[in-house]
Amino acid sequence: MFPNGVGEYVDHMEELIPGMKDGTVRTALDTGCGVASWGGDLLDRGIITLSLAPRDNHEAQVQFALERGIPAILGIISTQRLPYPSNAFDMAHCSRCLIPWTEFGGAYLMEIDRVLRPGGFWVLSGPPVNYENRWHGWNTTIEEQKADYDALQGLLNKMCYKLYNKKDDIAVWQKSLDSGCYASREKTVYPPECDDSIEPDAAWYVPMRSCIVKPNPNFKQLGVGQTPKWPQRLKVAPERVRTFSGGSDGAFKKDTTQWVTRVNHYKTMVPDLGTDKIRNVMDMNTLYGGFAAALIDDPLWVMNVVSSYGLNSLNVVYDRGLIGTYNDWCEAFSTYPRTYDLLHLDGLFSAESHR
């Protein structure tokens, strides 16, 4: 979908979503990312994208993305929840990713809805968008493509999304920012709201569900446009810092200050840290993302990892405008061999000593 290059494609997208240019949109998820060109271009514009694609035997696209120094991870939308907390991303994107969004009861789209923040944007380019002009090249009929588009629009309406903007091959929907739409839905309307039997942030070997995770009304600064703009949000203690044991505004600020001091010391021991010799970095046992925050001005990016057995603090990492994932370190990480330049761990062995 980038006939004139990814830069022009993103330029068009910024015209449709002005918040991409002023720090309102900071975190993005790219499903079916290919070689992550979209995420790579956004990184230069101050938006950090987690590019997601399945293992590909003949192209190894995620490996190629990581070799280019672009954040990417192996993954697939299938039967299990994506390993990210609810209300994590400001924007999600699919460009000809060929995911059947309306099939299987719309379960795949509902998983994107779970990880998208209130007021967040879902961007779709490719079939069935602009089917009126493009159907000839899609080996289909205009009637089939119209039916697909109408089904998608109908499902999104029921999920409290509105068509935010649309031009040529790009369509943008916005998730509802308030609870009014959810309150007005009939109880018999599909998809239903999720019950409370499964924590919305639980995402390690948790089956996907065909239901809507309604945003928690107790959080007033969770939505896109409500959260402080980037880069201010990096240093502001998010509301969700108090959702896990020991989390508090004071602990967050102490952690942030502590990691500035530690990173300065690290750079005396590893002189390449902070230069263009180290690009892909992983923090294997983060709490608030303080290590990554201390490196924010350096020419690198950090994959923040929260243990699936530890404190569930990954929502705070995303709230401050960083990216990360859950992982059980008794299992392999979802990447290719030799794709990170530096691995950092603090307290991991102690935390895992009971296993």
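Just so you know, these numbers come straight off a predicted model, no measurement behind them.
Relative ring orientation between Y131 and Y149 is described as tilted, the plane-to-plane angle lying within the 30° to 60° band.
D113 has its side chain within reach of I212: a pair of non-hydrogen atoms, C-beta onward, lies under 4.5 Å apart. Within the 4.5 Å cutoff, no side-chain heavy atoms of D168 are placed close to those of H12. No side-chain heavy atom of F219 sits less than 4.5 Å from a side-chain heavy atom of P238. Within the 4.5 Å cutoff, side-chain heavy atoms of I77 are placed close to those of I112. Looking at F89 and Y84, their side chains come closer than 4.5 Å, going by heavy atoms from C-beta outward. Here the side chains of F244 and L287 are in contact, with some heavy-atom distance below 4.5 Å. The closest side-chain heavy-atom distance from T286 to F291 is not below 4.5 Å. You'll find the side chain of P71 stays beyond 4.5 Å of the side chain of M303, heavy atoms only.
Under a 3.5 Å cut-off, the side chain of Y205 and the backbone N or O of Q80 do not form any donor-acceptor pair. Remark: the backbone N or O of Q221 is paired with a side-chain donor or acceptor of E239 at under 3.5 angstrom. Side-chain atoms of W301 come within 3.5 Å of backbone N or O of G69 as a donor-acceptor pair. Looking only at distances, no side-chain donor or acceptor of R240 sits under 3.5 Å from a matching main-chain atom of L314. N327 places no side-chain N or O within donor-acceptor distance of the main-chain N or O of S307, the cut-off being under 3.5 Å. Of the possible polar contacts, none joining the T335 side chain to the I73 backbone as a donor-acceptor pair under 3.5 Å is found. Between the D41 side chain and the S37 main chain, no donor and acceptor come within less than 3.5 Å of each other. When atom types are taken as modelled, the side chain of N280 and the backbone of L66 share a donor-acceptor pair closer than 3.5 angstrom. Side-chain atoms of N165 come within 3.5 Å of backbone atoms of L16 as a donor-acceptor pair (strictly under, hydrogens ignored). One N or O on the side chain of R320 and one on the backbone of Y288 form a donor-acceptor pair closer than 3.5 Å.
In this structure, V306 is not a member of the same hydrophobic cluster as V241, with clusters built from ILVMFWY side-chain heavy atoms closer than 4.5 Å. Note: the hydrophobic cluster containing W259 does not contain F252 (ILVMFWY, side chain heavy atoms under 4.5 Å, direct or indirect links). Under the 4.5 Å side-chain heavy-atom criterion for Ile, Leu, Val, Met, Phe, Trp and Tyr, I99 and V115 are members of the same hydrophobic cluster. Cluster membership check: V224 does not share its hydrophobic cluster with L222, using side-chain heavy-atom separations under 4.5 Å among Ile, Leu, Val, Met, Phe, Trp and Tyr. Under the 4.5 Å side-chain heavy-atom criterion for grouping Ile, Leu, Val, Met, Phe, Trp and Tyr, L52 is connected to I48 within one hydrophobic cluster.
Remark: K146 does not engage E143 in a salt bridge, criterion side-chain N to carboxylate O under 4.0 Å. Using a 4.0 Å cut-off between charged nitrogen and carboxylate oxygen, K277 and D341 do not count as a salt-bridge pair. Salt-bridge formation is not detected for the pair R262/D255: no Lys NZ or Arg NE/NH1/NH2 atom is positioned less than 4.0 Å from an Asp or Glu carboxylate oxygen. By the 4.0 Å N-to-carboxylate-O rule, R209 lies close enough to D195 to be salt-bridged with it.
No option in V281, D283, V302 other than V281 meets the side chain to side chain contact (heavy atoms under 4.5 Å, CB included) test with L342. When R242, K235, R117, R26 are each tested for a salt bridge (charged side-chain N to carboxylate O under 4.0 Å, His left out) with D319, only one passes: R117.
Within a 6.0 Å radius of CD in E331, other residues, nucleotides and ligands contribute more than 12 heavy atoms. For K253, the NZ atom sits in a loose shell: 12 or fewer heavy atoms of surrounding residues, nucleotides or ligands are nearer than 6.0 Å.
For Y9 and S125, the side-chain atoms include at least one donor-acceptor pair closer than 3.5 Å. Using a 3.5 Å distance cut-off with no hydrogens or angles, the side chains of Y326 and N312 do pair a donor with an acceptor.
Heavy atoms only, all atoms of each residue included: L74 and Y336 are closest at CD2-CE1, 3.6 Å. Residues R45 and G7 share a closest heavy-atom pair of NH2-O, 3.2 Å. S51 and G39 get closest at one heavy-atom pair: OG-CA, 4.3 Å. The two residues W38 and H93 make their nearest non-hydrogen contact at CH2-CB, 3.3 Å. Scanning both residues, L273 and K267, for their nearest heavy atoms gives O-CG, 3.7 Å. Contact between G246 and A251 at its shortest, heavy atoms only, is O-CB, 3.9 Å.
Between F349 atom CZ and N285 atom CG the span is 10.0 Å, to the nearest 0.5 Å. D328 contributes atom CG, which lies 12.5 Å from atom CZ of F333 (distance to the nearest 0.5 angstrom). Going from atom CD1 of I142 over to atom CD of E132 covers 6.5 Å, rounded to the nearest 0.5 Å. Between E67 atom CD and R338 atom CZ the span is 9.0 Å, to the nearest 0.5 Å. Taking CD1 from I278 and CG from D298, the interatomic distance works out to 10.0 Å, rounded to the nearest 0.5 Å. T24 contributes atom OG1, which lies 4.0 Å from atom NZ of K229 (distance to the nearest 0.5 angstrom).
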Exercise. Passes side chain to side chain contact (heavy atoms under 4.5 Å, CB included), Y182 versus S176? Steps please.
Worked result: CA-CA 9 Å; Y182 301 100; S176 179; 4.2 Å; yes
For this session: Might you work through the side chain to side chain contact (heavy atoms under 4.5 Å, CB included) test for N216 and N87, ending with a clear yes or no?
Result: CA-CA 10 Å; N216 188 333; N87 307 305; over 6 Å; no
For this session: Take L109 and T102 through the test side chain to side chain contact (heavy atoms under 4.5 Å, CB included) and record every step on the way to the result.
Result: CA-CA 7 Å; L109 190 56; T102 58; 5.9 Å; no
Problem set entry | side chain to side chain contact (heavy atoms under 4.5 Å, CB included) between L156 and L163, intermediate numbers included | CA-CA 9 Å; L156 286 164; L163 184 62; over 6 Å; no
